[in-house]
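So that the names make sense, note that chain A is the first sequence line, chain B the second, and so on, each numbered from 1. Worth saying up front: this structure is predicted, and the values here are computed from it rather than measured.
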Amino acid sequence: MTLHENTRRAGADAAGEDATAGATVPVTLTVNREVRHLTLDPRTTLLDALREHLRLTGTKKGCDHGQCGACTVIVEGRRINSCLSLAVMHDGEAVTTIEGLGTPERLHPMQKAFVTHDGFQCGYCTPGQICSAVAVLAEIADGIPSHVTADLADVRFSDAEVRERMSGNICRCAAYPNIIAAIRAVAEGAA
Amino acid sequence: MRFDQPATTNPIDRGRVVGVPHDRIDGPAKVTGTAPYAYERHDAAPDAAYGWIVGSAIARGRITAIDTRAAEAAPGVLGVVTHENAGPLGKGRFNTAHLLGGPAIEHYDQALALVVAETLEQARDAAALVRIDCVAEEGRFDLAAGIDGAEVPGPFFGKDPDSAAGDFDAAFAAAPVKVDQTYTTPDHSHAMMEPHATTALWADGRLTLWTSNQMVAWTVGEVARTLNMPPENIRLVSPYVGGGFGAKLFLRADALMAALGARHVGRPVKVALARPQVPNNTVHRPATIQRVRIGADRNGVIDAIAHESWSGNLPGGNVEMAAMQTRLLYGGRNRLTRHRIAALDLPEGNSMRAPGEAVGMLALEVAMDELAEACGVDPVELRIRNDVAYDPEAGPDRPFSSRPFVDCLRRGAERFGWSRRNPTPGRVRDGRWLVGMGMAAAFRGNQMSRSAARVGVDGRGTVTVETDMTDIGTGTYTILAQTAAETLGVPLEAVRVHLGDSRFPVAAGSGGQWGANSAASGVYAACMTLREALAQKAGFNAGDAVFENGAIVAGNRSVPIADVAGREGVWVEDAIEFGDLDKTYAQGTFGAHFCEVGVDAYTGEIRVRRMVGAFAAGRILNPKSARNQIIGAMTMGVGAALMEELVVDTRHGYFVNHDLAEYHVPVHADIPDQDVLFIEELDDKSSPLKAKGVGELGICGAGAAVANAVHNACGVRIRAYPLTLDKVLRGLGAVT
Ligand code: FES
Ligand code: FES
């Protein structure tokens, strides 16, 4: 019997257990404050674990190569491109996705600001922009400098800081000025 | 409803809901990630298997053998589809190359196989085990080398490739001031954020495709033609489209291969193109070589104007109509336009946002800047002097329906502070930056297309709109709800809009910036029919009745429409049909772009510092979403000016930089604040809504304004887009 045959079964269940992978590994993630146990093909990216196994499709796949930011989620308080990271690397970690920020009935302030300032068009880059934006404000609050920070000891909000930090999140619809306006509104507490 | 006479006063003119900058009604779904896109239909196809496309590694040739045994034996694999087992396939009318190649290979990364497996990881790995032997044949990959053998293309959307008026050659020869320059634009990639994706399901010989597509009804027809099956057995669902820009106008390989894969394995299958497959497997905007000649008097008044454009495509493919705007934008008695097409074996060229004008204006509007310089006339004033109230090829008998072009130029110039521009290049310095200002006209034709909708009202007074129209980020959900709310006199919150399902009446679809005006007019037509049905049911004379506050009112009688609708509700269907007002009148959308750039005196790096645009596009149905369309298009224009270029490998025939790391598009840090001004305009010859398209106008001329600003900043005139810093550096003198 080969390594592959002994685990092959038909179908995959909605809870996310991948029944037909060659070798599988158990992974536990805390996603949006809920503990989720998964059995995954080790090749599964964090992005596909979320989208295909946990069926949290709010996180988008624009490139699968770390080039667009559509897959941005917040892991242990920091934003990452979930397509560039294998799920097994995050065993035991806490992940926040767009679904964890808010719902249509109870929008997170950043989500609300994106609606008010029309910070999107097609919506496909949007969950990534919003997760990134929430994390960017936290980075600035934590004093983490960026390429355009003039004084490393004085990190503060500015449009230039946000444009720089958000540049890993491509919006081909190019709602860029509206996205900046939304983030600025949240930073100023005016959302 | 037939629209063949100019619109008169109608319920839309109330302007209580239409014309108001409402937030998008699909906003909460999009910002929470709950709007389902094509690959995310776990609800509809929970057991979907995963397909992975294997593309051709050569540009042109033949398959000699396919060996799928290793792939089929790989873990989790359910089946492999190739031309050998796919069954007989037709070809869609809008496809130039076959979507499934073999034995003939027509372009690089043409789909040759689909591997279907239980998981994505398994399908992807097994795809690498499919062995395809082929023999390569010589191909033609270089547009510049191909233009000598270029041919006259057939008509494109009914438009002749050539046009002429007066005697261009004689007038140009006699002109005191001449510009004669050649400009080149490279191949562009749509690069929408959602790659093409489809979930396919077969049941009892009927096929359902949840797919990302701009044109639902077209594509149903194309699936029918390709799979040789009746269109009534096909359902296509496309409620959310993660960007298209023309790339999703047609049936593409994701949908066909998902359908074939699902049929082969007897289970739903979903397929998304991998990002690196998008530029070569799908379509792109073709490169152009454009020669513009303008002859004018010493005051800059044009007497002779010619625009010729060469582009390439696969044999049978469309030409890029880059000279179209030159037929209409400026006056001058002696005129000529020509399009020629060269046969190339690169991937298929097709429409991308504002096909024709987007690249045509990159050439024409730099030529106008060169003319302004040659005459010593201010570029804004030059355009005002050459404004024309009618179609200059046809003469005064074909006036423009409305043309507030000069308003756009003047108001935009004022807003931008154009009067502060120093006309001599290279004179304004800000530290290491050479600062310049440039401008360009914006022009895009106005097209309309038949569009139908079904509208109903129920016993709670909720209005529901159903149409196969799509919202590709354009704001369609919202403007259709606004149109229905205005026409029926109900609040926006009382309207539900369902889009993108082939079970609904056929709408205009999203393309050619005809979507908003046409589809909203279709909804208006259906709502007017609904008003009649409701009035009649309630015993009113529809002509006297006013619909407001959720009620029908006439004299001192008022009946809530909810009560009239009753438990069973009232539903109607109607369509807008356009007569020939667009033939009697020339119709277009206009604008003026203004841009300030900094050019690094040492490195040649270009930074856009500010952009202002003034635009006229008829009634603006929702200023918030319309502005977003404009700024997005302006940004795509910045991309075309400064960075976007699919680099052709002319030996092997493919686009080398086929992902988002190497095909550069503007990011946050590239785009400053953009100021958009809409000029008030109602065009009663465009539609009952007096609106026009706005989705493509903003890209037309935007890149030329950037290029002209670069010239003003540093004196370097670059005629080969994009304006990368190596080209700037070549023209920059020694730094002083
Ligand atoms: S999908 Fe992860 S960066 Fe593009
Ligand atoms: S909203 Fe479409 S890519 Fe950003």
Please examine the side chains of A/V115 and B/K30, heavy atoms only from C-beta on, and report whether any two atoms are closer than 4.5 Å.
no

Working to the nearest 0.5 angstrom, can you tell me the gap between A/Q111 CD and B/T32 OG1?
6.0 Å

Can you name the nearest heavy-atom pair linking A/A174 to B/I631, along with the distance?
O-CG1, 3.9 Å

Sub-4.5 Å side-chain heavy-atom contact between B/T34 and A/P104:
yes

Any side-chain heavy-atom pair of B/Y50 and A/E52 under 4.5 Å:
yes

Looking at every non-hydrogen atom in both residues, tell me the closest pair between B/L660 and A/C63 and how far apart they are.
CD1-CB, 4.2 Å

Would you indicate whether the side-chain heavy atoms of B/M636 and A/R172 approach each other to under 4.5 Å?
yes

Given side-chain contact (heavy atoms from CB on, under 4.5 Å), test B/E121 with A/T44 step by step and report yes or no.
CA-CA 7 Å; B/E121 295 76 24; A/T44 309; 3.7 Å; yes

Taking all non-hydrogen atoms of both residues into account, name the closest pair between A/C122 and B/G242 and its distance.
SG-C, 3.4 Å

Select one option (side chain, backbone, both, neither) describing which atoms of B/A191 are under 4.5 Å from chain A's heavy atoms.
both

On the ring face of B/Y39, is A/R51 found with NZ or CZ under 6.0 Å from the centre and within 45° of the axis?
no

Decide yes or no for A/K60 and B/E194: does some side-chain heavy atom of the first lie under 4.5 Å from some side-chain heavy atom of the second?
no

Among B/I671, B/D125, B/N628, B/V241, who wins on heavy-atom pairs under 4.5 Å with chain A?
B/N628

Given B/D659, B/L273, B/T474, the one with more heavy-atom pairs under 4.5 angstrom with chain A than any other is B/D659

Tell me, side chain or backbone of B/Y37 under 4.5 Å from chain A's heavy atoms, or both, or neither?
side chain

Considering only heavy atoms, which portion of B/I472 lies under 4.5 Å from any heavy atom of chain A: side chain, backbone, both, or neither?
backbone

As a quick check of understanding, evaluate salt bridge (charged side-chain N to carboxylate O under 4.0 Å, His left out) for B/D670 and A/R163, giving each step before the final call.
CA-CA 8 Å; B/D670 296 317; A/R163 287 199 174 99; over 6 Å; no

With a 4.5 angstrom heavy-atom cut-off, which part of B/P276 approaches chain A: side chain, backbone, both or neither?
side chain

Is there a side-chain contact between A/T57 and B/H42 (heavy atoms, below 4.5 Å)?
yes

So, for A/I170 and B/V665, which heavy atoms are closest and what is the spacing to 0.1 Å?
CG2-CG2, 3.7 Å

Check this for me: does any side-chain nitrogen of one of A/K61 and B/E40 sit under 4.0 Å from a carboxylate oxygen of the other?
no

Bottom line for A/Q129: the part with an atom under 4.5 Å from chain B's heavy atoms is side chain

If you take all heavy atoms of A/I180 and B/H668, which pair is closest and at what distance?
CD1-ND1, 3.7 Å

Taking it one step at a time, do B/Q122 and A/R43 satisfy side-chain contact (heavy atoms from CB on, under 4.5 Å)?
CA-CA 9 Å; B/Q122 292 166 334; A/R43 296 168 295 187; 3.8 Å; yes

Any side-chain heavy-atom pair from B/F245 and A/C173 closer than 4.5 angstrom?
yes

Does any backbone or side-chain atom of A/T126 lie under 4.5 Å from a heavy atom of chain B? Answer side chain, backbone, both or neither.
side chain

Between A/C68 and B/M193, is a side-chain contact (heavy atoms from CB on, under 4.5 Å) present by the stated rule, with each step listed?
CA-CA 8 Å; A/C68 75; B/M193 291 307 302; 3.4 Å; yes

Which one wins on heavy-atom pair count under 4.5 Å against chain B: A/G58, A/P127, A/S167?
A/S167

Indicate the atoms forming the closest heavy-atom contact of A/G62 with B/P195, along with that distance.
O-CG, 3.5 Å

For A/L101, which atoms come within 4.5 Å of any heavy atom of chain B: side chain, backbone, both, or neither?
neither

Which of B/P672, B/A197, B/G473 touches chain A most, by non-hydrogen pairs under 4.5 Å
B/G473

Let me see the working for B/V31 and A/M110 under side-chain contact (heavy atoms from CB on, under 4.5 Å), right down to the final yes or no.
CA-CA 9 Å; B/V31 300; A/M110 190 65 78; over 6 Å; no

So which of A/G69, A/C125, A/G123 has the biggest tally of heavy-atom pairs under 4.5 Å with chain B?
A/G123

Salt bridge check, B/D43 against A/R55: does any charged N sit closer than 4.0 Å to a carboxylate O?
no

Do A/D64 and B/R275 touch side chain to side chain, with heavy atoms closer than 4.5 Å?
no

Measuring heavy-atom distances to chain B, does A/D118 have an atom under 4.5 Å in its side chain, in its backbone, in both, or in neither?
both

If we define contacts as heavy-atom pairs under 4.5 Å, which of B/L78, B/D47, B/D471, B/T635 has the most with chain A?
B/T635

Quick one: which of B/V278, B/D26, B/D673 has the most heavy-atom pairs under 4.5 Å with chain A, could you say?
B/D673

Indicate whether the side chain of B/Q674 and that of A/Y176 have a donor and an acceptor atom separated by less than 3.5 Å.
no

